[in-house]
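Below is one structure, written out as structure tokens, with a few remarks after it.
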Amino acid sequence: MTESTQRGVLAPAHVQADGRRTTWSVDDWLARLVADAPNTPEIDLPIGAAFGHVLADDVTAAHALPLWSNSAMDGYAIRAADAAGDAATALRIIGEVAAGSSADPVIEAGEAVRIMTGAPVPSSADAVVPVEETSGDDRGAGEWGESTVRVLAPVRIGANVRAAGEDVGAGAVIAQHGWRLTAAGVSALAAAGIAAVRVHRRPRVAVVATGSELLPPGSALERGQIPESNSLLIAGMLREAGIEPVAVRHSRDDAAGLAQMLAQLGDTCDAIVTTGGVGPGTHDIVRIALEPEPDVIGVRVAMKPGQLQRAGRLAGGALVFALPGNPVSAAVSFELFVRPTLLAMQGAARIHRHRVQARAATGWRGAAGRLQVLPVILGEDDGMLTCAPAVHARRVSHSVGGYGASDAYAIVEAGRGDVAPGECVSVIQVGA
Ligand SMILES: Nc1nc2c(c(=O)[nH]1)N[C@H]1C(S)=C(S)[C@@H](COP(=O)(O)OP(=O)(O)OC[C@H]3O[C@@H](n4cnc5c(N)ncnc54)[C@H](O)[C@@H]3O)O[C@H]1N2
Ligand code: MOO
């Protein structure tokens, strides 16, 4: 299949007159991946299971928040007119309303009702005075056994009363389709009376680390062998993106075996993320296994690290993201391409993290002509966010050890050149 017949975005600038591909920009490669990625199906979930999912529909509040006007303080519900003057006013206690009580005692002039935080304010009261701003009768304040109470200072109408609907009105749109439900989000929906929501199913994603040199962590290693760490990296990054991987595999350098593994995983997965084996080498079996796939293409992207990218749809329908094997290249590729695409598949309105400015604590060499994505460690200096390289800027792709301390990436636009100490750069925070 030629590129022009493939689905998705393909800017003509990427195809030379002889049909060969030139280097892709990060934005164009991501746009192509997103355009090729189908949405996951919509499902209904109880609100208790919806955390981390992306809403498929707008959600309107089933009732107002607060539901009814209620007290912001432990104290006394009164008629403000009874405590308008300067002199301490003595009011007769006629009852008590606690949170959960449905009582609505009628308060006449000169009367008060003991009330607790969150309890409905009696309809006949228009203010609450906190217990600290009163003195009780001879049974003593603080014991709540008093029969009269003195209000020590004037009280205005509405004081310490949370009005019905002042937070959210009944029927108001409280969450929009495309929002990924956070802890705050699910709690807001539950509070607004929502029992279930329509969301996009999370993508089913498998992880395959490739390479015959790789042994399980902790194995005795012979020369040439190293611990396999990318599967932990990618599985962890999936979890950080709210997706529990459905399978985590390792493939030795056997292209036919890998092709079979991909086909099998593709039967039950929406996407497969592989690492390693995309280079031009004789053992680069991911490239070899994917070569017969007409809808999977390999490109060079103008970024550092992670310039070798290969992705598309397997004949069986599943997406494959074949990331480079160098650990930091794989991580950066996941962050820039896989995570946003998986979010787009769930209908997420925002697929990019926010970029903020940080001051470079030390300078570093830029990546000529390529977008530099440098693992950094965030800090703070005099209230200003700072960042320091976690790895040597010219030795990024393999430096998995230093990368482990990073919690953000500095994003340095192609053409900016070196970053001097004290200059501001864009960073995306990825760690907690
Ligand atoms: N002739 C060329 N050689 C290379 C090129 C190139 O353009 N021409 N590109 C370089 C770049 S850039 C990258 S990135 C890598 C891409 O390599 P592969 O995807 O084929 O990765 P591997 O060779 O399989 O591995 C690279 C490196 O990473 C280690 N690795 C791989 N998987 C794991 C894992 N699961 N856990 C830990 N470490 C892993 C592997 O042992 C290698 O050291 O190609 C360059 N070469
Ligand atoms: O461009 Mo490769 O993905 O860095 O090491």
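Because the structure is predicted, anything quoted here is derived from the model rather than measured. For ligands, and for the atoms within them, numbers begin at 1 and follow the listed sequence.
The single protein non-hydrogen atom nearest to atom 33 (C) of ligand 1 is Asn230 ND2, 3.2 Å, given as residue, atom name and distance. Scanning the protein heavy atoms around atom 13 (C) of ligand 1, the nearest turns out to be Asn326 ND2, 3.6 Å.
Checking only distances, Glu228 does come within under 3.5 Å of ligand 1, N or O to N or O. By the 3.5 Å distance cut-off applied to N or O atoms, Ala209 is not counted among the residues near ligand 1. Where the criterion is an N or O separation shorter than 3.5 Å, residue side chain and backbone included, Ser231 fails it with respect to ligand 1. Polar contact check, Pro324 against ligand 1: no nitrogen or oxygen pair lies under 3.5 Å apart. Residue Gly325 has at least one N or O atom closer than 3.5 Å to an N or O atom of ligand 1. For ligand 1, one of its N or O atoms has an N or O atom of Gly277 under 3.5 Å away.
Between Phe337 and Trp29, the angle of the ring planes goes over 60°, which puts this pair in the perpendicular group of the 30/60° scheme.
Counting atoms of ligand 1 from 1 in the listed order, those under 4.0 Å from a heavy atom of Arg300 are 6 (C), 7 (O). Near Asp284, the atoms of ligand 1 lying under 4.0 angstrom from a non-hydrogen atom of the residue are 20 (O), 23 (O). Every atom of ligand 1 with a heavy atom of Leu308 under 4.0 Å away is listed here by number and element: 9 (N), 16 (C). The contact set between ligand 1 and Leu214, taken as ligand atoms under 4.0 Å from a residue heavy atom, comprises 32 (N), 33 (C), 34 (C), 35 (N), 36 (N), 37 (C), 38 (N), 39 (C).
Contacts of Ser397 with ligand 1, taken as heavy-atom pairs under 4.0 Å, are absent altogether. With a heavy-atom cut-off of 4.0 Å, Ile226 touches ligand 1 through its side chain alone. By the criterion of a heavy-atom distance under 4.0 Å, neither the backbone nor the side chain of His283 is placed next to ligand 1. At a 4.0 Å heavy-atom cut-off, ligand 1 does not touch Val400 at all.
A donor-acceptor contact shorter than 3.5 Å is absent between the side chain of Glu293 and the backbone of Leu290. For the pair Asn230 (side chain) and Ala209 (backbone), a donor-acceptor distance under 3.5 Å is absent. Here the side chain of Asp270 pairs a donor or acceptor atom with the backbone of Arg204 at under 3.5 angstrom. Looking only at distances, a side-chain donor or acceptor of Thr210 sits under 3.5 Å from a matching main-chain atom of Thr275. Not one N or O on the side chain of Asp382 forms a donor-acceptor pair closer than 3.5 Å with the backbone of Met384. Between the side chain of Thr40 and the main chain of His200, no donor-acceptor pair closer than 3.5 Å is present.
Pocket lining of ligand 2, defined as residues with a non-hydrogen atom under 4.0 Å away: Pro305, Gly306, Gln307, Pro324, Asn326, Ser329, Ser397.
The side chain to side chain donor-acceptor pair (under 3.5 Å) pairs that include a residue from residues 411-420 are Arg416-Glu423, where partners are two or more places apart or lie in different chains. Note on residues 56-69: pairs passing side chain to side chain donor-acceptor pair (under 3.5 Å), not counting sequence neighbours, are Asp58-His177.
Atom 45 (C) of ligand 1 lies below 4.0 Å from none of the non-hydrogen atoms of the protein. There is a protein heavy atom closer than 4.0 angstrom to atom 41 (O) of ligand 1.
Side chain to side chain, Asp381 and Thr386 fail the donor-acceptor criterion of an N or O pair below 3.5 Å. No hydrogens or angles considered: a donor-acceptor pair under 3.5 Å links the side chains of Trp364 and Gln372.
Contact check for Leu181 versus Phe51: no side-chain heavy atoms found under the 4.5 Å cut-off. In this structure the side chain of Leu221 reaches within 4.5 angstrom of the side chain of Leu215, judged on heavy atoms.
At least one heavy atom of Pro227 sits closer than 4.0 Å to an atom of ligand 1. Ser229 counts as a contact of ligand 1, since one of its heavy atoms falls under 4.0 Å from the ligand.
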Subject >> salt bridge (charged side-chain N to carboxylate O under 4.0 Å, His left out) assessment of Glu166 paired with Arg162 >> reply: CA-CA 7 Å; Glu166 73 173 23; Arg162 311 191 281 210; over 6 Å; no
Subject >> CA sep, side-chain torsions, deciding dist, call: Arg32, Asp28, salt bridge (charged side-chain N to carboxylate O under 4.0 Å, His left out) >> reply: CA-CA 6 Å; Arg32 183 199 155 94; Asp28 286 348; over 6 Å; no
Do any side-chain atoms of residues 234-249 form donor-acceptor pairs under 3.5 angstrom with protein atoms, and if so which ones, sequence neighbours left out?
from	atom 1	to	atom 2	distance (Å)
Arg239	NE	Glu244	OE1	3.0
Arg239	NE	Glu244	OE2	3.2
Arg239	NH2	Glu244	OE2	3.0

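With distances taken over non-hydrogen atoms, the option nearest atom 3 (N) of ligand 1 out of Gly279, Pro280, Gly276 is Pro280.
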